[in-house]
Structure formats: structure tokens, C-alpha cells
Peer 1: 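Here you go, one structure.
Worth saying up front: this structure is predicted, and the values here are computed from it rather than measured. When a ligand or atom number is given, it counts from 1 through the structure's own listing order.
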Amino acid sequence: MPVESLVAIDIGNTRVHFALFENFHADEVTPPVSTFSYSTYSSDIQGLRNWLSGDTLPWYTVSVHRSALASLEAFSKIEPRVSSFFAFDHKKLPIEIAIPSPEKVGLDRLAAAVAANHMRQKDRPAIVVDAGTAITVDAVSAQGEFVGGAILPGMRTSAKALASQTDALPQITIDLENKPAAIGTNTTEAMQSGLFWGSVGAVRETIRRVSDQLNSDKPPQIFFSGGDVNYLAPWMDLDIETVDHLVLRGVALAAQTL
Ligand SMILES: Nc1ncnc2c1ncn2[C@@H]1O[C@H](COP(=O)(O)OP(=O)(O)OP(=O)(O)O)[C@@H](O)[C@H]1O
Ligand SMILES: CC(C)(CO)[C@@H](O)C(=O)NCCC(=O)O
Ligand SMILES: [K+]
């Protein structure tokens, strides 16, 4: 039975993202009608209540943060507009996981792989880049298996590490709207340059290596998602497809298969 209307949730280490899907069709991987997010550490329950429509809908989630999952599940039990609450584990996600410890893989990585596997051309493997607290660069084989990938620090995570591990470096906010000059002329500019261009280079090199190791007949299709990859995407010099809300779309797709 297709689940045409649902709320898909991605519980990350920094943000919890919610998406409302209506008239969802797997063939088109319908985009969400609306989205909402709050901080993982200070959930904006009033904001969530305001965002929820009048309809009572089933909720489906992937989580990489246990206590945030527990609090959201508790909330779902007292919120009348939640008809059911389902938290995916790796066994329930519709993707083969061809690595030794499938239960250790982040469910957000797997949900993004579900979506990419569905959207890719069937004779090409896929590479899925998702940038949040961490940046992940994952591979889906031409046969449709999640075969692993790479985990890098996200730009904000790297910025925090520089500030906390040094005496002189400040905590900076990452301004992604303005591309930093490569040659910074003060501490903050120098950090902005290193964090941004370093991430661009790190992601590009990791994609190249993952692609080499896939060693496929046809080149992999490269999918980019996550708020921060939109800023990295223009600098990749690669043929990439930016897809908004890849994890949430993967959750909506997975909900159709339960
Ligand atoms: N502290 C914050 N306050 C408001 N928006 C934020 C904050 N941190 C990240 N964002 C928004 O989230 C986007 C990144 O979303 P994404 O889901 O890719 O990562 P995340 O939610 O920060 O990380 P994670 O999924 O690991 O929790 C950013 O582009 C930014 O717009
Ligand atoms: C890598 C992150 C932090 C990205 O959100 C998440 O997918 C996670 O906690 N993963 C668990 C470890 C793993 O994926 O191998
Ligand atoms: K940890």
C-alpha cells in the first residue's frame, strides 16, 4: 500500500529536519510540500506544532542521535496529529548493505543511498555526498548495493575543532553566502579560506578516489545533498546532480516498502 501523505524525519547531530510529503509517487520521488527543522539540542516543539498541518499523518524517521530520537518518539505519543511513529533500522531500509557491519552505518547515509539508488540510471553506480555536521561521500554499486564510503568533518565541525584546540584561534561563524578569498589577510579570513577551500578540495579528492575504486564501466552518477553541499557543488568541476532533501526523500521512499 503506497503511503501518499506522510511526515519524514532526519534526526542529525546538529539539526532535526522534518518534511511533509503529499501525493508521494515513488516514480518521480516527489519533493516535499514543506519542511521544518530545529536544533537537535533545543527542540522547538512550539514551532513544530505550528508547522504541522491539520491532518493526522504517519511519521517515519531515520536517526543518528539516540536521545533526540527518544524525545521525539515521546512527543509523537502525545501529539494527536501523529497516527503512527516508525523509526527505521538498517534491516527495514530497502537497500542491500554490502559491508561487514551493516548495523553500524548511519541511517542518514543509508536513507540518502536509498534515494540515490532509486534515482540513478540502472547501469551506473552512484556517489552520494551529504554535508551536515559531517560530510559523507558514499558509494552505491551498479548492482544497487551500499558499499561504504568516507566520513569527513563538516565545515562547522572543523571550525569548532580549530577554536577548541588552539589558544589564539577564535570561534568563527561560517558565512557560506560569500566565497572567501584564498589569501586571508587576518585570522578569521585565513580560517574561512582554509575551511571552505579545504572542504572543496577534500570532497573533490574523496569523490575522485571513490570513483576510481568503483572502477565501473560507466562513470558514477554523483548526487549532492545537504544545506552545505550547495555551496561546495559549484566548485567541484564535476558533473553532479544537486537534489534537495535526499535523506528525507529516501525516508519517504522507504516508507512505501514497509
Ligand atoms: N545552528 C544552525 N541554525 C540554523 N540553521 C542551521 C544551523 N546549523 C545548520 N543549519 C542549516 O542547516 C543546513 C545544513 O543542513 P544539513 O541537514 O545538511 O546539516 P545539519 O542539519 O546542520 O547537520 P546534521 O544533519 O548532521 O544535523 C545549513 O545550510 C544551515 O542552513
Ligand atoms: C556520519 C554521520 C555523523 C553523518 O550524519 C552519521 O551517519 C553517523 O553517525 N554514522 C555512524 C557511523 C557510520 O556511518 O559508519
Ligand atoms: K560521537
Peer 1: Between Gly106, Gly148, Ala111, which one has a non-hydrogen atom sitting closest to atom 8 (C) of ligand 2?
Peer 2: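 Going through Gly106, Gly148, Ala111 one by one, Gly106 has the nearest heavy atom to atom 8 (C) of ligand 2.
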Peer 1: Under a 4.0 Å N-O cut-off, is there an ion pair linking Glu103 with Lys91?
Peer 2: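 Lys91 and Glu103: not salt-bridged.
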Peer 1: Indicate whether the side chain of Trp59 and that of Ser84 have a donor and an acceptor atom separated by less than 3.5 Å.
Peer 2: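 Side-chain D/A pair, Trp59 to Ser84: absent.
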Peer 1: Would Asp10 and Arg15 count as a salt bridge (charged side-chain N to carboxylate O under 4.0 Å, His left out) if you check the C-alpha gap in whole Å, the side-chain angles of each, and the deciding distance to 0.1 Å?
Peer 2: CA-CA 8 Å; Asp10 167 18; Arg15 310 281 302 167; over 6 Å; no
Peer 1: Before we go on, tell me: are the rings of His65 and Tyr41 under 6.0 Å apart, centre to centre?
Peer 2: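 For His65 and Tyr41, the ring centres are under 6.0 Å apart.
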Peer 1: Before you tell me yes or no, could you show the steps for Leu48 and Phe36 under side chain to side chain contact (heavy atoms under 4.5 Å, CB included), namely the whole-Å CA-CA distance, both residues' side-chain angles and the distance that decides it to 0.1 Å?
Peer 2: CA-CA 7 Å; Leu48 175 59; Phe36 173 74; 3.8 Å; yes
Peer 1: Pairs of nitrogen or oxygen atoms closer than 3.5 Å, one from Asp108 and one from ligand 2: do any exist?
Peer 2: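 Such a contact does occur with ligand 2.
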Peer 1: Which of the numbered atoms in ligand 2 are under 4.0 angstrom from any heavy atom belonging to Lys104?
Peer 2: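 The list of qualifying atoms is 11 (C), 12 (C), 13 (C), 14 (O), 15 (O).
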Peer 1: Please work out whether any backbone atom (N, CA, C, O) or any side-chain heavy atom from C-beta onward of Asn13 is under 4.0 Å from ligand 2, and answer side chain, backbone, both or neither.
Peer 2: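 Only the side chain of Asn13 comes within reach of ligand 2.
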Peer 1: Which atoms of ligand 2 are found less than 4.0 Å from any heavy atom of Val64?
Peer 2: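 What qualifies from ligand 2 is 6 (C), 7 (O), 9 (O).
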Peer 1: For Val105 and ligand 2, answer yes if some heavy atom of the residue is under 4.0 Å from a ligand atom, otherwise no.
Peer 2: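 Yes, that is the case, since the closest heavy atom of the residue is under 4.0 Å from the ligand.
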